[in-house]
Number of protein chains: 2
Amino acid sequence: MTARPDPLTVEVVDLIGTVVARFHEEYERAAAEHSLTGAQARLLRLLAMESMPMRKLAQCLKCEPSNVTGIVDRLESRGLVERRPDPADRRVKLAVPTTEGQATAEHLRTSLDFAREPLGRLTAAERTLLKQLLQRMLGLGDAPDASDSPEAGGPAEGPGRGGA
Amino acid sequence: MTARPDPLTVEVVDLIGTVVARFHEEYERAAAEHSLTGAQARLLRLLAMESMPMRKLAQCLKCEPSNVTGIVDRLESRGLVERRPDPADRRVKLAVPTTEGQATAEHLRTSLDFAREPLGRLTAAERTLLKQLLQRMLGLGDAPDASDSPEAGGPAEGPGRGGA
DNA sequence: TATTGTTATACTCTATAACTATA
DNA sequence: TATAGTTATAGAGTATAACAATA
């Protein structure tokens with residue numbers, strides 16, 4: 001419990017921490033360019049992919065439903081999101097992006113290209129390699145057997161996951 | 001609408017997003033285990049590595065100095081951090097972790113082993129590779145210590161064949 | 001009775017601006 | 001004048017608990 005991991009692992013963990021910090025900074029900056037907070041941007045992007053009830057939004061955002069009320073309130077007051085009744089269950093309210101909300105989400109996506117820029121420093125082969133390593137690290141789409149290394153062009157094709 | 005980056009890049013960006021999301025969840029969870037918020041945990045970990053003035057804390061945390069006042073206030077009221085005068089400049093206050101604060105930071109570090117666990121799925125060679133890719137991606141100079149640059153002399157070089 | 005969404009409450013984080021005490 | 005830290009203020013996110021409408 002007190003034993004330190006080997007130095008290599010510590011170094012990689014630190015690097016991941018740096019990636020995380022930089023990603024977050026840039027995400028907030030991109031959101032701010034559209035006068036959105038990070039939480040608002042995340043919710044809007046989620047809705048742009050698929051309209052859903054408040055409850056499900058809370059699950060996706062991993063927060064309490066009461067918080068979603070406030071975030072949607074602010075987006076709605078700016079005309080980016082709408083609440084619609086669910087004909088099937090009158091308790092449910094569906095959050096739906098307006099046309100402007102959809103457009104904003106799209107702009108947001110391109111603003112988020114920041115994430116692409118640092119990747120531009122890597123060759124295609126390196127990106128493939130990075131993809132495979134991250135997939136293995138996250139336990140996605142690859143064998144749990146850690147005894148053979150990935151081959152470019154080889155093993156894992158689309159795990160088609162989502163979320164962020 | 002706007003041209004999308006190539007699919008490979010999109011995939012890698014998504015993976016990084018997943019890493020970021022998971023890292024954050026786990027960081028908050030680890031902090032909460034010690035009844036700390038994420039911001040408090042980050043500040044405490046920073047101080048555990050090196051005591052510093054309030055101003056520098058703000059720079060490290062990339063927030064306004066006024067915020068640091070509050071965060072340190074809460075940590076101080078719990079006996080985890082202390083404010084000490086700087087003999088050289090009486091305007092400056094140095095934030096210093098108490099013994100208990102140091103211990104908490106240490107526990108925090110081990111709680112943060114979540115970051116180590118997924119890396120356990122990678123072999124040492126793969127971790128080295130991942131390290132180099134992340135360094136290049138982040139625009140960090142190549143490792144100062146060549147000791148852990150195995151046969152993968154060229155970062156753009158393929159994976160596998162010597163490794164793992 | 002259970003579920004959906006909301007309200008009310010309290011706390012933390014955040015930025016801005018004004019203030020103090022030094023320098 | 002400039003700097004370090006604080007205070008005051010306001011807005012946003014968060015969790016908890018209580019509530020209304022509906023199932």
Side-chain angles (χ1 to χ4, degrees), chain A residues 21 24-47 51-78 80-96, chain B residues 21 24-47 51-78 80-96:
Chain A
H24 253 253
E25 284 168 38
E26 296 297 319
Y27 198 101
E28 294 288 324
R29 186 192 54 65
E33 274 178 13
H34 299 272
S35 301
L36 295 170
T37 65
Q40 289 165 5
R42 275 186 293 278
L43 192 152
L44 186 57
R45 270 165 65 76
L46 217 51
L47 284 190
S51 297
M52 60 184 89
M54 307 294 280
R55 202 99 195 160
K56 190 172 178 195
L57 269 174
Q59 288 166 352
C60 289
L61 295 172
K62 296 186 206 304
C63 70
E64 295 301 312
S66 57
N67 302 329
V68 177
T69 298
I71 300 174
V72 168
D73 278 352
R74 280 159 222 130
L75 289 173
E76 193 168 29
S77 75
R78 288 184 48 189
L80 300 175
V81 165
E82 235 177 46
R83 273 181 247 241
R84 292 196 198 149
D86 181 338
D89 184 338
R90 294 196 325 203
R91 292 173 303 180
V92 172
K93 289 176 189 165
L94 270 78
V96 181
Chain B
H24 253 252
E25 283 168 38
E26 295 298 320
Y27 199 101
E28 294 288 324
R29 187 193 53 64
E33 274 178 15
H34 299 273
S35 301
L36 294 171
T37 65
Q40 288 165 6
R42 275 188 293 277
L43 192 152
L44 186 57
R45 270 166 64 78
L46 217 50
L47 283 189
S51 298
M52 60 184 87
M54 306 293 280
R55 202 97 194 164
K56 191 173 177 194
L57 270 175
Q59 289 165 353
C60 290
L61 295 172
K62 296 185 205 304
C63 72
E64 294 302 311
S66 57
N67 301 329
V68 176
T69 298
I71 301 174
V72 168
D73 278 352
R74 280 157 223 132
L75 288 173
E76 193 168 30
S77 75
R78 288 183 49 188
L80 300 176
V81 164
E82 234 177 47
R83 273 181 247 238
R84 290 194 199 153
D86 181 337
D89 185 337
R90 296 195 326 206
R91 291 173 303 181
V92 172
K93 289 177 189 165
L94 271 82
V96 182

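Per chain, numbering begins at 1; letters A, B, ... match sequence-line order.
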*Asks:* Counting the atoms with a prime plus P, OP1 and OP2 as sugar-phosphate, which does B:D89 contact under 4.0 Å by heavy atoms, base, sugar-phosphate, or nothing?
*Replies:* sugar-phosphate
*Asks:* Map B:P53 and A:P87 onto DNA chain D by nearest heavy atom, then report which one ends up closer to the 5' terminus.
*Replies:*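 Nearest nucleotide further toward 5': that of B:P53.
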*Asks:* From CZ of A:R83 over to P of C:dT6, roughly how many Å is that when rounded to an integer?
*Replies:* 4 Å
*Asks:* Could you please name the option among D:dA23, C:dC13, C:dT7 that lies closest to any side-chain atom of B:I71?
*Replies:*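 Of D:dA23, C:dC13, C:dT7, C:dC13 is nearest to the side chain of B:I71.
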*Asks:* Under the salt bridge (Lys or Arg N to Asp or Glu O under 4.0 Å) rule, collect the residues that match up with B:K93, sequence neighbours excluded.
*Replies:*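 Partners of B:K93 by the salt bridge (Lys or Arg N to Asp or Glu O under 4.0 Å) criterion come out as none, since no residue qualifies.
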*Asks:* Please identify each residue that fulfils side-chain contact (heavy atoms from CB on, under 4.5 Å) with B:E33, with sequence neighbours left out.
*Replies:*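 Scan of B:E33 (side-chain contact (heavy atoms from CB on, under 4.5 Å), adjacent residues dropped) gives B:R29, B:S111.
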*Asks:* Whole-Å distance between C:dT3 C1' and A:R55 CZ?
*Replies:* 7 Å
*Asks:* Below 3.5 Å, can you tabulate the donor-acceptor pairs from side chains in residues 60-68 of chain B to any protein atom, sequence neighbours excluded?
*Replies:*
none

*Asks:* Sequence neighbours left out, what passes side-chain contact (heavy atoms from CB on, under 4.5 Å) with B:Q40? Give chain and number order.
*Replies:* B:L36, B:T37, B:I71, B:R74, B:L75, B:R78
*Asks:* Once side-chain contact (heavy atoms from CB on, under 4.5 Å) is applied, do any residues pair with B:E28, and if so which ones, sequence neighbours excluded?
*Replies:* B:R42
*Asks:* Expressed as a whole number of angstroms, how long is the span from A:Q59:CD to C:dG5:C1'?
*Replies:*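 In whole Å, C:dG5 C1' and A:Q59 CD are 13 Å from each other.
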*Asks:* Write out a two-atom table: protein N or O, nucleotide N or O from nucleotides 15-21 of chain D, distance below 3.5 Å.
*Replies:*
unit_1, atom_1, unit_2, atom_2, d
D:dA15, OP2, A:E64, N, 2.9
D:dA15, OP2, A:N67, ND2, 2.6
D:dA15, N7, A:N67, OD1, 3.0
D:dT16, O4, A:S66, OG, 2.7

*Asks:* Can you find a side chain N or O atom of B:K93 that sits less than 4.0 Å from OP1 or OP2 on D:dT6?
*Replies:* yes
